[in-house]
Student: 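Please find one structure pasted underneath; my questions will follow.
Atoms within a ligand are numbered from 1 in the order they appear, just like the ligands themselves. The basis for the numbers below is simple: all heavy atoms, side chains too, and nothing from hydrogens, waters or symmetry mates.
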Amino acid sequence: MVQFDNQYRQIKVKIVYYGPALGGKTTCLQHIHRVTDPQRRTRLYSLNTASDRTLFFDLLSLNLGRIRGYRLTIQLYTVPGQVQYNATRRTVLAGADGVVFVADSQRNQHQANLQSFENLKENLDANGIDPDTHPLVLQYNKRDLSDLSPVAELETDLNGAGIPSFSTVAITGDGVMEAFATITENTLVSLADRLGIDTTGHAIERLKQQAQAALEQFVRAAPSEAPADDVEITVPEHQPDETGPLPQETLVSEAVRANLAMTDLSSRLEIASRQLMRKELVTRAIIDFGRTIAHQHDPADVLRLLIKTAVSQLGVQAATVLIVPAAGQLREAVVHGVERDPLLASSVESNTVAGAVAEAGEPILIASDLEGGTADSVQIAVEKAGFASAIAVPMVARDRLMGVLTVYGGPDRRPLDEVEFELASILGATAAMGYANALAFRQLEQSNTGLETTVDQRTDELRTTLDEVQRLNQELTRLDTIKNGLIARVAAQLDEPVAALTTAAGALDSLRDAPAEKTVRFVDIIRTRAETLSEIMESVSQASLLVTESQGAEGRPTPLAELLRRSVAPLRDLARQLEVEIKVLSPGSLETVRCDADAMTTALRAVIKNAVEHNQKGGEVRLEVRRVQRGSLPWIEFKIADTGDGIPEADLDRIFEPFWQGSPGARGESRGIGLGLMIAKLVVDRHDGRITVAGRSPGGTEVVIILPQ
Ligand SMILES: Nc1nc2c(ncn2[C@@H]2O[C@H](COP(=O)(O)OP(=O)(O)OP(=O)(O)O)[C@@H](O)[C@H]2O)c(=O)[nH]1
Ligand SMILES: [Mg+2]
């Protein structure tokens, strides 16, 4: 009778191997035990006599996966074949969900087979089981021996009802697993009703397929050498005589029942202790993981470590971590063993499957088990990607969804189970905390650096402001020096013309009645000194304007001829006086120059005047204008060359300083106040131009001004 064990969430299905003595029942169980995955079965418990004959039964429990959330365990029993142990057989047969009848094919066992088969029917009947509808499979065993009954004869003897039958050799395992698969399928199908599973033809077919798949999973490719972990319990030979009166038979039944219970308990203990051992490993893995995670400050490292631990601890083929960015959808952060996360690649309604899992907020276990009925979107996504089982864990820290960890088991792997589910859930939760902490740490670090940057910026700004203040201070000092120099120079320069004017005016006064020719000389003095005064005043006002104005010059197209005329014309008298010739050479093709006309006139005039004054009698000042190319840009060049004594090398650097006058001019005295070249430089600078001065060979000075066009 199928047993539901709610505490352990387990369904136990009982299949009994029945048949004549020495027919090979125990050998069949030994074969099944040998070829199944040790992770999915208990040891084989045998209660024998000293001569290896089954005294009570053999027991082997197999774990076939899950069905409706219950672990499906199949318990395989054998009965003792010896005639005298009928009470034991009946007790072991009680509650059987399926039976494999192992007949001995040897011709001399003909009668024993018939007797045992008859005995099976009686004992089923005695246990309230209908022999005609009860799942049953026949094995014609020992087909490797000689002197056998033909299969057809055995079929006639035993198989009137068309029961599935198999020719087997239990010692090699031939046909044993096929017979076992068939009884498992048929038993499950007969149980489907009681389990509340759909019993339509299609559903039954699917259930059979799933049972086959489950069996395939736990049957290993290569059988192990010897069933090293069998438990053999040998019972002393002096057995109770079962042929005695009824009370004795009852006693035997009780003894068998006690043995059954004990063995069952023992197999349960085995399962429990195995689970405990795994749990211990899991706990250790979790502690190690937690300890490592606590030291991670980089969120990406936390996720990488999570994947690494999940893959190695769970032995899965693939694993992914999806994360939730500050604003937005889940996205892949780390992917192992797959190109894309299957849950992110599939969608359900308007969401991704991963999104739906995250929203549900609970870890889920998808394992290909016997259930299979639910067309769950997660299961579909997992299977579509070629995996058989998966665990998806929403990673939540401080009530905030951080991401989703999913691990995927391939079809070759035993489906992920509850212990692994627990491990994955704890890994996910631990990593979520670690990830949240690392994120917080990074944020703190970033805001720290942000603060440092702001402080640096402010310091820089302050430094710039201080530099600016310092620069302005220097500029003020420079202007102050110029101003003081200017005042001193102007006062000195004014002395002579003012004195001359005063003298001339006094003389004129005393010559009030003198003839006009006599007064002419004084009027001339008054006029020239007044001109000098106005010249001084003009250069002072220009210099002060240029020194204090800081913006650049506004360049406008200026007719070149006019610019040159205005620059040179006022100097013609002076040149004539000093017997210096001014020559102007400009290409006819050059009509306009882009400049501030007034400022440039002043600059050119200052330079030419300088060249005239520092010339010699009969000398020449040559002004040449031409276009030049600097890089790809057009410039205009003014070259003013004189034939004076030239400027000493040491003075070349100083000539643009205010009040620099160099050696006295041709007249042996200075006419200006030494602002001309400084003004010229200021003007050229405002035009973003360049002014250079160089000595000429054999003598004289050459000033070159270039302006960008
Ligand atoms: N040649 C051959 N020997 C077999 C085969 N199956 C079982 N045997 C042998 O037959 C003997 C009895 O096998 P068991 O498996 O102990 O038989 P059993 O049905 O469990 O017997 P009881 O426990 O006494 O009911 C052993 O020596 C087996 O090695 C087979 O297919 N071929
Ligand atoms: Mg046996």
Student: Will you find, in the side chains of Gln111 and Gln115, an N or O donor that is under 3.5 Å from an N or O acceptor?
Tutor: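 Looking only at side-chain atoms, Gln115 and Gln111 do not form any donor-acceptor pair under 3.5 Å.
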Student: In terms of residue, atom name and distance, what is the protein heavy atom nearest to atom 17 (O) of ligand 1?
Tutor: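 The answer is Gly24 N, 3.1 Å.
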Student: For ligand 1, does Thr26 get within less than 4.0 Å through its side chain, its backbone, both, or neither, judged by non-hydrogen atoms?
Tutor: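 The part of Thr26 near ligand 1 is both the backbone and the side chain.
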Student: Based purely on interatomic distance, does Thr54 place a nitrogen or oxygen under 3.5 Å from a nitrogen or oxygen of ligand 1?
Tutor: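 Yes.
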Student: Is it the side chain, the backbone, both or neither of Pro80 that has a heavy atom closer than 4.0 Å to ligand 1?
Tutor: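 Within the 4.0 Å criterion, Pro80 contacts ligand 1 through backbone atoms alone.
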Student: Checking side chain to side chain donor-acceptor pair (under 3.5 Å) between Asn123 and each of Arg90, Arg89, Glu118, which is the one that passes?
Tutor: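 Running side chain to side chain donor-acceptor pair (under 3.5 Å) over Arg90, Arg89, Glu118 with Asn123 returns exactly one hit, Arg90.
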Student: Tell me, which protein residue and heavy-atom name are nearest atom 5 (C) of ligand 1, and how many Å apart are they?
Tutor: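 So the nearest neighbour among protein heavy atoms is Lys142 CG, 3.6 Å.
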Student: So if I count the atoms of ligand 1 from 1 in the order they appear, which ones are less than 4.0 Å from some heavy atom of Gly81?
Tutor: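 With Gly81 as reference, the close atoms of ligand 1 come out as 22 (P), 25 (O).
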Student: So is there a nitrogen or oxygen of Val169 less than 3.5 Å from a nitrogen or oxygen in ligand 1?
Tutor: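 Looking only at distances, the answer is no, because the N/O contact criterion of under 3.5 Å is not met.
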Student: Under the 3.5 angstrom rule, does the side chain of Glu185 hit a backbone N or O of Thr182 as a donor-acceptor pair?
Tutor: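 It does not hold such a pair.
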Student: Give yes if a backbone or side-chain nitrogen or oxygen of Arg143 is under 3.5 Å from a nitrogen or oxygen of ligand 1, and no if not.
Tutor: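 No; every N/O pair is 3.5 Å or more apart.
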Student: Under 3.5 Å, is there a donor on one side chain and an acceptor on the other for Thr26 and Asp58?
Tutor: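 A pair is found: one side chain offers a donor N or O, the other an acceptor, under 3.5 Å apart.
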Student: Is the side chain of Lys25 donor-acceptor paired with the backbone N or O of Tyr77 at a distance under 3.5 Å, no angle test?
Tutor: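 Looks like no, no N/O pair under 3.5 Å.
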Student: Measure from the Mg ion (ligand 2) to each N, O or S atom of Thr26 and report whether any distance is below 2.8 Å.
Tutor: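 A backbone or side-chain N, O or S atom of Thr26 is under 2.8 Å from the Mg ion (ligand 2).
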Student: I need the single residue from Leu138, Asn186, Asn159 that forms a side-chain contact (heavy atoms from CB on, under 4.5 Å) with Pro164. Which is it?
Tutor: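 The option that passes is Asn186.
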Student: Any non-hydrogen protein atom below 4.0 Å of atom 28 (C) of ligand 1?
Tutor: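 Given the 4.0 Å cut-off, atom 28 (C) of ligand 1 counts as touching protein heavy atoms.
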Student: Is a side-chain N or O of Lys14 found less than 3.5 angstrom from the main chain of Ala94, in a donor-acceptor match?
Tutor: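 Indeed, once roles are kept as given, a pair shorter than 3.5 Å links the two residues.
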Student: Just by distance, with hydrogens left out, do Asn108 and Gln106 show a side-chain donor and acceptor under 3.5 Å apart?
Tutor: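 No, because no side-chain N or O of Asn108 sits under 3.5 Å from a partner of the opposite role on Gln106.
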Student: So which protein heavy atom does atom 15 (O) of ligand 1 come closest to, and at what separation?
Tutor: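 Looking at atom 15 (O) of ligand 1, the protein heavy atom closest to it is Thr27 OG1, 2.5 Å.
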Student: Out of the candidates His110, Arg143, Gln139, only one should pair with Ser105 under the side chain to side chain donor-acceptor pair (under 3.5 Å) rule; please name it.
Tutor: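 Passing option: Arg143.
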Student: May I ask you to identify the nearest protein heavy atom to atom 22 (P) of ligand 1, giving residue, atom name and distance to one decimal place in Å?
Tutor: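 In this structure, atom 22 (P) of ligand 1 has Leu22 N, 3.7 Å as its nearest protein heavy atom.
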Student: How far does OH of Tyr45 sit from CG of Leu59, to the nearest 0.5 angstrom?
Tutor: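 Output value for this atom pair is 8.0 Å.
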Student: Within a distance of under 4.0 Å, is there any protein heavy atom near atom 20 (O) of ligand 1?
Tutor: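 Yes, there is a protein heavy atom closer to it than 4.0 Å.
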Student: Under 2.8 Å from the Mg ion (ligand 2), is there any N, O or S atom belonging to Thr27?
Tutor: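 It does not; every qualifying atom lies at 2.8 Å or beyond.
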Student: Would you say Asn141 contacts ligand 1, with heavy atoms under 4.0 Å as the rule?
Tutor: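 Yes, Asn141 has a heavy atom closer than 4.0 Å to ligand 1.
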Student: Give the residue and atom name of whichever protein heavy atom lies nearest to atom 24 (O) of ligand 1, and the separation in Å to one decimal.
Tutor: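 Here the nearest protein heavy atom works out to Arg53 NE, 3.0 Å.
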Student: Below 30° counts as parallel, above 60° as perpendicular, anything between as tilted: where do the rings of Phe117 and Phe101 land?
Tutor: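 It falls in the perpendicular class, over 60°.
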Student: Given that the side chain starts at C-beta and the backbone is N, CA, C, O, which of these parts of Thr172 lies under 4.0 Å from ligand 1, counting heavy atoms, or is it both or neither?
Tutor: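 Near ligand 1, Thr172 shows nothing, with every heavy atom at 4.0 Å or more.
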Student: Have a look at Ala170, Gly173, Ala21, Gly19 and point out the one with the heavy atom closest to atom 31 (O) of ligand 1.
Tutor: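 Closest candidate by heavy-atom distance is Ala170.
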Student: Nearest protein heavy-atom contact for atom 32 (N) of ligand 1: which residue, which atom, what distance?
Tutor: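 The answer is Asp144 OD1, 2.8 Å.
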Student: Side chain of Asp417, backbone of Val419: donor and acceptor closer than 3.5 Å?
Tutor: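 Yes.
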Student: Starting from atom 4 (C) of ligand 1, which protein heavy atom do you reach first, and at what distance in Å?
Tutor: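 For this ligand atom, the closest protein heavy atom is Ile171 CG2, 3.6 Å.
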